[in-house]
Structure formats: structure tokens, C-alpha cells
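Here is the structure we will look at, set down as C-alpha cells.
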Amino acid sequence: MERDLFVAWFEEATRLVRADRDRLTRLDAAIGDADHGTNLDRGLTEVLKELAGSPPESGAQVLTTAGTTLIRRVGGASGPLYGSLFRQMGKALETPVTLAGFAGAFEEGVVAVERLGKAVLGDKTMVDALAPASRALALAVRDGAEVSVALGQAARAAQEGSKATIPLQARKGRASYLGERSVGHEDPGAASAALFMAALASVAG
Ligand code: ADP
Ligand code: MG
């Protein structure tokens, strides 16, 4: 059951990324090299193939398989970064999965992304969506919120964090080469991170 929920997360994330592939690529065209939508769509398609080919036994294994596949199959910065997120989550997630356990594993995953990319909040990267989502989730757990409420708040925080990258100047990744010209555009990785959180809220909420 728990495993199926994590598979459903990646199925829904793939659906949302595919539906928004051109928007993600347009965002990356503005401040990068116009490949983020196609990169992620290809990587996630491989993740679903991998999950179908050798079905994992636990939610943690789903995350590890997804992370490893994204590292292998996604060219560009976002592959290793998302790969680290999910691999670290897979390592940290304990069975049976609880909301608090999931929130803790997610926080560890976000720290792994921050460590690998050396990005902090406000650098105009996926961290600007992931870190607020993690904080919202932790607060919801502290307040004893229902799963659906907690994940809804995390998804909203990610979406707001992504939109908040628009006025920022990029300090990490390809977009940072543009200096001040990166201002005025939403970060593509933050936008895709918001889709991942929306997918989770949709399947588990
Ligand atoms: P590339 O930039 O190599 O073409 P993608 O286009 O797939 O890779 O992904 C770009 C996204 O990756 C950016 O929008 C940003 O969110 C994220 N990113 C890039 N560098 C970093 C970093 N050092 N730390 C965190 N996220 C980063
Ligand atoms: Mg790119």
C-alpha cells in the first residue's frame, strides 16, 4: 500500500511535468539552455519504466530507484540534484511511513540538494521551492495536521517559493551567468519542484 502511494507520486509527477513540459522549457529558455522540461520528462519516463520493470518492495525503495534513475538519465544540473533528493529520502525513510517520518526524510533530502548544489534560500534555484515546502511540512507535523492538510500546505509553500524567485537574481547554476538579466523570470527548477509537491498533495491528500 505504502509502496503504491510512492509509485503513484511519480506517476502523477510525470503527468504534471509532461503537461507543463513546454512551460518549464520556456522558463529555462529565458535564463538557461531551454532543456529543463525535456530533461525532466525524459528522466521521469525512465523512472516509470524502471518502477514497472522491477517493482520495488517499499516506499523507500521507490525513492531510491527514482533517484538513481534520475542521476543516470537526466543530463544537466537538475538530474543529480533531484537524484540526491530522492536517494537521500529513500535512505532516511523508515517503515511504516508516518507523516512525521516522511517530513524528516524530506528535510534530509533537501539538505542533500543544498549540499550538492551549494545553494541556499534566495539563490533562485529549486531550493527556493523545496526548502519552504519542507518547513511547511515540519510546521504542519508539529501542529498535528492531517496528512492532506500538511501536504496541501507544503505544495502551496513550494508554489509560492517558486513564484518568489521571479524578482531574484540567480546566484547558482547556469542562470547565474546572466547576472542581472536573470531577474524577472521564474526559476525552472523551482517551478518543477512545485509540480513534484503538487503531485504528492494530489495523490496522498
Ligand atoms: P542545466 O542548468 O544543467 O541545463 P536543468 O535545465 O535541467 O539543468 O535544470 C536547471 C535548474 O537546476 C535550475 O532552474 C535550478 O533550479 C537548478 N539548479 C541549477 N544549479 C543548481 C544548484 N547549484 N543548486 C540548486 N539547484 C540548482
Ligand atoms: Mg537547462
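Counting starts at 1 for both ligands and their atoms, following the listed order. When reading the values below, keep in mind they use all heavy atoms of this one structure, side chains included, and skip hydrogens, waters and symmetry mates.
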Per-atom contacts, ligand 1 versus Ala119 - under 4.0 Å to a heavy atom: 24 (N), 25 (C)
Assess the residue pair Thr14 and Val47 against the criterion (side chain to side chain contact (heavy atoms under 4.5 Å, CB included)); give the C-alpha distance rounded to whole Å, side-chain angles, the decisive distance to 0.1 Å, and a yes or no. CA-CA 9 Å; Thr14 305; Val47 167; 5.9 Å; no
Counting non-hydrogen protein atoms only, what is the nearest one to atom 4 (O) of ligand 1? Give residue, atom name and distance. Asp33 OD1, 2.9 Å
Please could you name the atoms of ligand 1 that Gly76 approaches to less than 4.0 Å, counting only its heavy atoms? 3 (O), 8 (O)
Any Leu24 side-chain heavy atom under 4.5 Å of Val17 side chain: yes
Pair Asp187, Leu27 - check side chain to side chain contact (heavy atoms under 4.5 Å, CB included), show working. CA-CA 7 Å; Asp187 177 66; Leu27 294 177; over 6 Å; no
I want to confirm something. Looking only at heavy atoms, which of Lys118, His36, Arg115 is nearest to atom 10 (C) of ligand 1? His36
Numbered atoms of ligand 1 (with element) below 4.0 Å of Asp35, judged on heavy atoms: 4 (O), 5 (P), 6 (O)
Under 4.0 Å from ligand 1, counting heavy atoms only, is it the side chain of Arg174, its backbone, both or neither? side chain
Ignoring waters, protein N/O/S atoms under 2.8 Å from the Mg ion (ligand 2) are Asp28 OD2, Asp33 OD1, Asp35 OD1
Reported CG-to-NZ distance for the pair Asp128 and Lys163, which is rounded to 0.5 angstrom: 13.5 Å
Any donor-acceptor pair under 3.5 Å linking the side chain of Ser176 with the backbone of Ala170? no
Is it the case that over 12 heavy atoms from other parts of the model lie below 6.0 angstrom from the CZ atom of Arg42? yes
Give the atoms of ligand 1, by number and element, whose distance to some non-hydrogen atom of Gly173 is under 4.0 Å. 19 (C), 20 (N)
Distance to 0.1 Å, residue and atom name: give those for the protein heavy atom nearest to atom 3 (O) of ligand 1. Ala77 N, 2.8 Å
Check: Arg18/Thr45 side-chain N/O donor and acceptor closer than 3.5 Å: yes
Within ligand 1, which atoms have a heavy atom of Asp28 less than 4.0 Å away? 6 (O)
Heavy atoms, side chains only, cut-off 4.5 Å: are Phe86 and Leu70 in contact? yes
Would you say Pro80 and Leu116 make side-chain contact, with heavy atoms under 4.5 Å? yes
Looking only at N/O atoms, are Val113 and ligand 1 under 3.5 Å apart anywhere? no
Counting only heavy atoms not in Lys91, do more than 12 fall under 6.0 Å of its NZ? no
Proximity of Leu81 to ligand 1 by residue part, where a heavy atom lies under 4.0 Å: side chain
Can you find a pair of side-chain heavy atoms, one from Thr125 and one from Arg171, that are under 4.5 Å apart? no
Considering only heavy atoms, does Asn39 approach ligand 1 within less than 4.0 Å through its side chain, its backbone, both, or neither? side chain
Among Gly79, Gly117, Ser192, Ala191, whose heavy atom sits nearest atom 22 (C) of ligand 1? Gly117
Which protein heavy atom lies closest to atom 7 (O) of ligand 1, and at what distance to 0.1 Å? Ser78 OG, 2.6 Å
Lys124 to ligand 1: N or O pair under 3.5 Å? no
Under a 3.5 Å cutoff, is there a donor and acceptor pairing between the side chains of Arg21 and Thr38? no
Are any of the N or O atoms of Met126 closer than 3.5 Å to those of ligand 1? yes
No-hydrogen, no-angle side-chain donor-acceptor test under 3.5 Å, Glu2 and Ser58: no
Looking only at protein heavy atoms, identify the closest one to atom 13 (C) of ligand 1 and say how far it is in Å. Asp187 OD1, 3.5 Å
So CZ of Phe10 and CG of Leu5: to nearest 0.5 Å the spacing works out to 11.0 Å
Table please: side-chain donor-acceptor pairs of residues 98-108 below 3.5 Å, with sequence neighbours left out.
{"unit_1": "Thr98", "atom_1": "OG1", "unit_2": "Gly101", "atom_2": "N", "d": "2.9"}
{"unit_1": "Glu108", "atom_1": "OE1", "unit_2": "Gln88", "atom_2": "NE2", "d": "3.1"}

Close approach, Pro188 and ligand 1, non-hydrogen under 4.0 angstrom: yes
Could you say whether the N/O atoms of Gly189 and ligand 1 ever approach to under 3.5 Å? yes
